[in-house]
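First the proteins, then the strands, lettered A, B, ... as listed; each starts at 1. As a basis for the values below, the full set of heavy atoms in this structure was taken, side chains included, without hydrogen atoms, waters or symmetry mates.
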There are 2 protein chains.
Amino acid sequence: MQIRREEKAPAAPTVEDVARAADVSTATVSRCLNAPDRVSERTRERVMAAVRELGYAPNFGARALAAKRTNTFGAIIPTMENAIFARGLQAFQEALGQNGVTLLVASSSYRPDLEEDQIRELVARGADALLLIGHDRTPASYAFLEQRRIPVVHAWVHDPASPRISIGFDNRAAMKALAHEVMARGHDRLGVITAAREGNDRARERFAGICDAMAERGLDPASLAVEETPYSIPNGAEAFTRLMARDPRPTAILCGNDVLAVGALGAARKMGIDVPGSVSITGFDDIEIAEIVQPSLTTVHVPHREMGRRAAELLLALRNGDAAPQSVALPTHIVWRDSLGPAPKTPA
Amino acid sequence: MQIRREEKAPAAPTVEDVARAADVSTATVSRCLNAPDRVSERTRERVMAAVRELGYAPNFGARALAAKRTNTFGAIIPTMENAIFARGLQAFQEALGQNGVTLLVASSSYRPDLEEDQIRELVARGADALLLIGHDRTPASYAFLEQRRIPVVHAWVHDPASPRISIGFDNRAAMKALAHEVMARGHDRLGVITAAREGNDRARERFAGICDAMAERGLDPASLAVEETPYSIPNGAEAFTRLMARDPRPTAILCGNDVLAVGALGAARKMGIDVPGSVSITGFDDIEIAEIVQPSLTTVHVPHREMGRRAAELLLALRNGDAAPQSVALPTHIVWRDSLGPAPKTPA
DNA sequence: TTGTAGGCGTTATCAT
DNA sequence: ATGATAACGCCTACAA
């Protein structure tokens with residue numbers, strides 16, 4: 001049984017309280033907050049004083065209910081655990097903030113089913129528009145978004161063939177270019193550490209890029225040594241260890257992102273395998289630690305901040321009903337550092 | 001002028017729509033969603049079918065308005081940019097999720113004034129309870145929280161003298177222990193790279209810990225070379241560079257966290273300064289890259305995941321009105337790695 | 001410039 | 001077990 005508390009009610013002040021305190025109507029209070037210039041200086045001051053006095057803050061739910069606009073956007077990213085999305089999201093948020101919209105962030109753990117729930121949740125919470133990563137999601141998710149006509153921008157990808165509006169880069173072409181450079185250095189036993197490709201089009205595209213390059217150079221993509229594991233430093237380390245146990249042993253490991261690559265680098269050091277002397281390792285993303293780690297990581301630079309900023313522009317334009325904005329493709333480039341070297345002279 | 005659109009309305013389905021489709025009252029629909037056992041099997045199936053059919057999702061704002069409970073907690077962390085808070089927050093979120101509450105995250109950029117806004121925002125959005133970092137905030141923030149009787153837990157700190165409930169560790173004692181170990185290795189010219197201490201009690205406490213240890217060993221805390229800069233790898237690098245230009249030059253640099261320390265390490269490498277041969281460097285937090293970087297970083301291990309998990313337990317208990325939970329202190333320990341060595345033999 | 005009043009979508013209290 | 005109906009806090013025509 002619950003004991004009756006004799007404390008006075010915590011009651012949040014409402015427009016009505018403010019109105020009473022300032023001796024005006026609730027409508028005037030509302031105007032002071034939403035259209036300050038439609039109210040006389042004198043009464044506005046009186047109202048704002050009451051607002052401060054009472055510590056009034058408008059109830060978001062009630063406001064959304066009545067106004068049908070929240071000035072809130074949502075973003076669903078696969079993970080907050082590592083830095084992959086942090087910088088882009090930060091830029092996204094900053095750009096939104098400058099336009100008076102606040103951001104709600106959710107993470108899906110790379111699971112389309114969870115993402116579907118999150119989409120519903122964010123929309124129910126009143127998100128006016130959504131930022132999503134990639135194109136891989138459940139049909140139900142897309143059906144929902146279309147039925148509700150929620151403005152959506154897809155980031156981290158660019159597929160000119162898709163009608164959906166996106167801001168990103170060509171993952172496949174970028175990885176293909178890197179794979180070509182690796183092979184140009186004499187490597188012909190390649191390995192790859194990738195995230196699960198199911199439900200992750202970025203991972204799938206990057207993987208495909210490697211196969212493309214191999215085929216173009218007359219190598220059989222089937223000879224590619226593949227390890228699939230979730231993005232994390234320890235996972236990268238384990239996958240690398242398994243790759244080194246293969247026969248024949250690969251001389252170059254292309255990693256699906258920098259996080260995996262850093263893990264691989266660590267494992268190599270522990271195993272006493274020289275990088276890039278015995279094995280070359282490459283990453284993808286160019287996050288901060290790619291430059292810090294030793295040997296520093298040759299990787300694909302992705303313009304995260306610009307991507308985030310322009311995602312905000314696109315989404316704002318969409319929400320405002322401006323002339324339909326176009327998908328944009330951002331350039332990536334290879335950053336040459338120390339983890340990639342020529343193939344070792346002593347082939348098996 | 002806005003062109004009239006001839007599209008059919010995007011209208012989100014409401015309980016009413018569902019009720020009509022299932023030929024029941026709105027009350028029954030509501031019960032199906034919130035107390036499924038209080039409705040007969042047959043009608044429940046019919047209702048749920050309609051729900052799926054229409055893609056119905058309850059409007060969060062309306063629900064909060066009517067039910068006065070959102071099952072949503074809020075967390076305000078200083079930054080999402082680096083990994084300091086990521087792991088703890090992840091654990092926090094997981095624990096909440098298992099209890100059916102969803103988490104809203106905001107970041108304050110280490111600015112109490114912004115944090116005050118965020119607190120208001122989260123509460124207005126219906127947060128039932130809040131997780132905050134540290135004890136440093138505006139009086140207005142505390143006044144607001146008390147007036148509204150919002151359950152709050154303070155993480156990343158533990159001050160037995162404070163009446164506020166917290167889950168964390170003694171930043172001052174932890175850093176003091178580390179400083180003692182550094183001096184025990186012969187270092188008597190110390191430098192520190194800290195975040196701004198104003199408005200950041202963790203930074204202030206850690207700093208104070210160093211001074212404590214120096215005083216206890218008969219060193220004048222005024223001789224400590226201090227660099228204050230926001231947490232980031234490049235900032236750590238720059239601060240380190242400035243420290244190395246001082247006369248006399250410190251032989252050991254204690255960093256306020258691992259992020260700064262990693263930056264310092266990078267700068268040392270670029271400057272050709274041997275670590276730990278010429279200078280020792282220490283961190284704080286024990287985030288992933290502390291182990292990866294070279295030389296690996298001697299640092300203070302903080303049990304982030306446990307802290308997050310137990311923060312959730314505390315907050316849940318508070319919200320549920322269980323017997324007033326107690327603040328908890330978590331142990332930290334020094335992780336011995338390679339960046340700390342004996343003081344160089346050639347004193348100035 | 002200001003006030004009045006209806007409605008936004010949901011839950012909860014009472015009946016039935 | 002189910003149905004009517006009154007809040008919940010705010011915004012916005014519409015009137016004055």
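When rounded to the nearest whole Å, the span between CD of B/Glu16 and P of C/dC8 equals 9 Å. Distance CZ (A/Phe60) to P (D/dC8): 21 Å, rounded to an integer number of Å. Between the CD atom of A/Glu41 and the P atom of C/dT2 there is a distance of 11 Å, given to the nearest Å. Separating the OH atom of B/Tyr56 from the C1' atom of C/dG9 is a distance of 7 Å, rounded to the nearest angstrom. For the pair B/Leu65 CG and D/dA6 C1', the interatomic distance rounds to 13 Å; values are reported in whole Å. Atom C1' of nucleotide D/dG9 and atom CZ of B/Arg63 are separated by 18 Å, given to the nearest angstrom. For the pair A/Arg31 CZ and D/dA13 C1', the computed distance is 10 Å after rounding to whole Å. Taking atom CZ on B/Arg20 and atom C1' on D/dG3, their separation rounds to 16 Å, with Å as the unit.
Over its full length, the helix from C/dT1-D/dA16 to C/dT16-D/dA1 turns its helical axis through 30°, comparing axes from the five pairs at each end and rounding to 10°.
In terms of phosphate contacts, A/Ser30 brings no side-chain nitrogen or oxygen within less than 4.0 Å of OP1 or OP2 of D/dC10. B/Thr26 has no side-chain polar atom (N or O) that falls below the 4.0 Å cut-off from OP1 or OP2 of C/dG9. OP1 and OP2 of D/dA4 both lie 4.0 Å or more from every side-chain N or O belonging to B/Ser25. Of the side-chain N and O atoms in A/Thr43, one or more sit less than 4.0 angstrom from OP1 or OP2 of C/dT2. Put simply, A/Thr14 has no side-chain N or O that comes within less than 4.0 Å of OP1 or OP2 on D/dC8.
Shortest non-hydrogen contact noted between A/Trp156 and A/Arg202 is O-CG, 3.6 Å. Across B/Ala311 and B/Ile167, no two heavy atoms sit closer than the pair CB-CG2, 3.8 Å.
A cation-pi arrangement is absent between A/Arg87 and A/Phe92, since the terminal nitrogen or guanidinium carbon is not both under 6.0 Å from the aromatic centre and inside a 45° cone about the axis. Under the 6.0 Å distance and 45° angle rule, B/Arg120 counts as a cation-pi partner of B/Phe144.
Looking at B/Arg46 and B/Thr43, their side chains come closer than 4.5 Å, going by heavy atoms from C-beta outward.
Taking 4.0 Å as the cut-off between side-chain N and carboxylate O, B/Arg305 and B/Glu94 count as a salt-bridged pair. Between A/Arg310 and A/Glu306 there is a salt bridge, with a side-chain nitrogen of the basic residue lying less than 4.0 Å from a carboxylate oxygen of the acidic one.
Where A/Lys68 and B/Asn34 meet DNA chain C, the nucleotide closest to each residue was compared, and A/Lys68 sits on the side nearer the 5' end. The nearest heavy atom of DNA chain C to A/Ala66 and to B/Arg38 marks one nucleotide each, and the one closer to the 5' end goes with A/Ala66.
Here D/dC10 is the nucleotide among D/dG3, D/dC10, C/dG3 with the atom lying nearest to any side-chain atom of A/Val15. For A/Ala67, counting side-chain heavy atoms from C-beta on, the closest listed nucleotide (C/dG9, D/dC11, D/dG3) is D/dC11. Ranking C/dG9, D/dG3, C/dG3 by closeness to the B/Asn59 side chain, first place goes to C/dG9.
Note that CZ of A/Arg111 is 14.5 Å distant from CG of A/Asn200, once rounded to the nearest 0.5 Å.
Nucleic acid contact for A/Val24: sugar-phosphate only, since backbone atoms but no base atoms lie under 4.0 Å from a heavy atom of the residue.
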